[in-house]
Amino acid sequence: MISTTTSGFPIPSSLQDLEREPYNLLPYPHDFDDGDEAARADSFSALVDFIDQGNQSLLSDGITLFQNYEGQPLWLQNDRIQALYTLVRFVEHQVPPWLFSFFFAMCLATFSSFCPCRLPENSLLYRVRLAGA
Amino acid sequence: MINVLCQAVKGLASILDEEEQEADDAGGPLPTSHVVVSQQFRDAVACHLYMLFSVLFIIESETKIGSNLKSGKNRTDSQDTDDVVKMRTTCSEALLDATKSMARNRHRLWTRGVPDESVVSLPCRIAYQMLEGATGVLARKACSADAAIGIIAATVDAYDFLLGTVLAALMDMLHSFEHMALICAELCCAVSEKPTNRLAVELIREVGRLDTSTASGADGGKASGIKFVAPFIHELALRRPRIVLSNISHLLPHLDSEPYNLRSAIVTALGHIVEYIGKIGQNPEEDKDSQSGTQDSDSQRAGPSSLNMEKSRATLLEILLVRSHDSSSYTRSAVLKTWIGLSLSETIPISQIHAVTEMAIDRLQDKTVMVRKQALQVSYIPSAIRLLLGFPIQITHTGSFY
């Protein structure tokens with residue numbers, strides 16, 4: 001994680017550099033539940049809430065948050081940087097809408113050519129369709 | 001999710017502005033030791049700005065790939081596009097707020113006001129990408145081009161050391177994209193003009209330094225990008241004629257260069273300048289360009305400057321008359337269009353009416369239809385003006401062409 005005693009946050013040359021020295025961020029926080037889609041959505045909501053709480057304290061306390069009193073936690077904690085990075089990564093890893101439409105149309109066309117019947121609920125195509133909706 | 005990031009950036013910017021406001025309310029600047037914020041605040045600004053930059057970078061990259069591959073457009077696509085536009089608008093507004101706040105409070109953010117170049121150049125880096133897609137009115141709105149222009153203008157105004165980088169990027173884009181001429185001219189109007197509009201002056205100098213020897217050929221400089229650069233000259237002359245007039249010496253040598261686009265753009269720019277001088281001669285209150293606050297305009301508003309302006313106008317009119325014999329029919333046509341514009345705006349001096357009419361009659365014998373068509377309009381309009389002013393003339397056509 002970032003050492004707050006040094007230069008703080010040097011601007012990296014690319015987003016991927018944040019997973020290397022001196023940042024050493026992770027794609028997802030340690031407590032990120034990635035078990036299923038519902039848990040994943042909940043984890044993202046928790047991250048958003050965490051950042052939002054920080055925003056609220058920023059608006060209410062202002063510049064005093066950054067005055068380093070002894071024993072007071074810093075506003076820009078490693079957890080907050082990690083949460084921000086995970087959210088940005090999530091935006092990056094979202095399948096682009098145009099690509100999704102193209103991919104879905106191709107899957108549907110391929111599947112319907114073999115089996116024009118109803119898609120099975122456990123199939124990948126069914127889940128793709130659900131995610132697309 | 002993007003909203004929380006944008007709110008954080010706006011929150012950090014508002015804290016800086018509030019502190020500045022408090023200092024103003026207290027009756028003046030605070031001592032430097034009290035003014036500079038802590039390292040933690042700087043880190044927070046850098047971190048959040050970089051995350052916002054990354055989000056916008058991802059959006060721009062995906063949009064570019066999508067626009068290259070997408071052939072058709074359906075309802076789903078337009079809905080997705082709307083979402084991207086909303087995301088981009090939200091992010092660009094937050095980035096613009098942060099850029100302006102950093103520019104206003106650089107002495108509070110960094111010791112002795114020496115900014116971290118890697119941080120302050122981030123907004124510009126993404127603004128260039130946003131402007132690349134602003135090809136039309138709708139695309140311009142979708143790309144948040146106005147916010148991007150505001151970001152670059154705020155950066156240029158605040159950080160002198162970034163002017164060279166911004167110039168290089170703008171010149172590169174001017175060569176690559178046709179729509180950038182108009183955007184760069186608008187950007188020159190958006191930057192501060194006190195003490196002088198450095199961006200506009202430097203861009204004119206850069207255009208003056210262009211190597212036109214590589215642009216020779218039938219394509220009119222298209223391959224080298226000069227075709228796209230040329231419109232910038234007359235777009236800027238239309239908006240800031242006084243600045244172009246002050247730096248016209250950098251551009252006039254290009255009248256002897258090979259690309260006809262460049263020559264056509266320069267003669268059109270000369271027309272805008274002559275029209276501007278004529279209008280402020282008729283009504284000095286219409287001098288909007290000098291009211292914008294350029295230093296040279298203030299110095300030129302005195303009595304002797306009026307004489308200089310008249311001399312400049314006479315010289316420019318002389319150039320326009322000579323250029324009616326340009327080797328390219330496109331440039332000759334541009335010259336005649338310029339004369340038509342000057343006639344319609346009634347800014348041709350009475351002393352020049354005879355010469356213009358003679359030139360127009362001479363051009364009625366041009367080998368190109370396009371030029372003859374323009375010449376017909378020029379020869380008609382000054383005559384009409386003269387008749388209205390009470391100076392009857394007799395136009396005799398002695399050409400052997402017809």
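The sequence lines fix the lettering, A, B, ..., with proteins before strands; numbering per chain opens at 1. The structure presented is a predicted model; accordingly, all values stated were derived computationally and were not measured.
Other residues, nucleotides and ligands contribute only 12 or fewer heavy atoms inside 6.0 Å of the CD atom of A/E37. When the shell of 6.0 Å around CD of A/Q56 is examined, it contains more than 12 heavy atoms from other residues, nucleotides or ligands. Heavy-atom contacts from other residues, nucleotides or ligands closer than 6.0 Å to NZ of B/K10 number more than 12. In A/F50, the CZ atom is crowded: over 12 heavy atoms of neighbouring residues, nucleotides or ligands sit closer than 6.0 Å.
Residue contact with chain B, scored on non-hydrogen atoms closer than 4.5 Å, involves the backbone and the side chain of A/Y85 alike. Residue B/S118 touches chain A through both its backbone and its side chain, counting heavy-atom pairs closer than 4.5 Å. Contact annotation for A/S14: only backbone heavy atoms (N, CA, C, O) come within less than 4.5 Å of a heavy atom of chain B.
Summarising the geometry of B/S54 relative to A/L15, their closest heavy-atom pair is OG-CD1, 3.4 Å, with the distance given to 0.1 Å.
Ranking A/L58, A/L47, A/V48 against chain B, the residue ahead of the rest is A/L58, based on heavy-atom pairs under 4.5 Å. The choice from B/C47, B/A44, B/A8 that makes the most heavy-atom pairs within less than 4.5 Å of chain A is B/C47.
Between the CD1 atom in B/I58 and the CZ atom in A/F90 there is a gap of 11.5 Å [rounded to 0.5 Å]. Annotation: the span from B/L49 atom CG to A/F9 atom CZ amounts to 10.0 Å, rounded to 0.5 Å. With rounding to the nearest 0.5 Å, the separation of CE in B/M51 from CZ in A/R80 is 10.0 Å. To the nearest 0.5 Å, atoms CD1 (A/I63) and CG (B/L12) are separated by 8.5 Å. To the nearest 0.5 Å, the span separating CD1 on A/I51 from CG on B/N3 amounts to 12.0 Å. To the nearest 0.5 angstrom, B/Q40 atom CD is 8.5 Å from A/L76 atom CG.
Residues A/L87 and B/V4 have side chains in contact (heavy-atom distance under 4.5 Å, counting atoms from C-beta outward). Counting heavy atoms from C-beta on, the side chains of B/Y50 and A/L18 come closer than 4.5 Å.
Using modelled atom types, no side-chain atom of A/N55 and backbone atom of B/G11 make a donor-acceptor pair closer than 3.5 Å.
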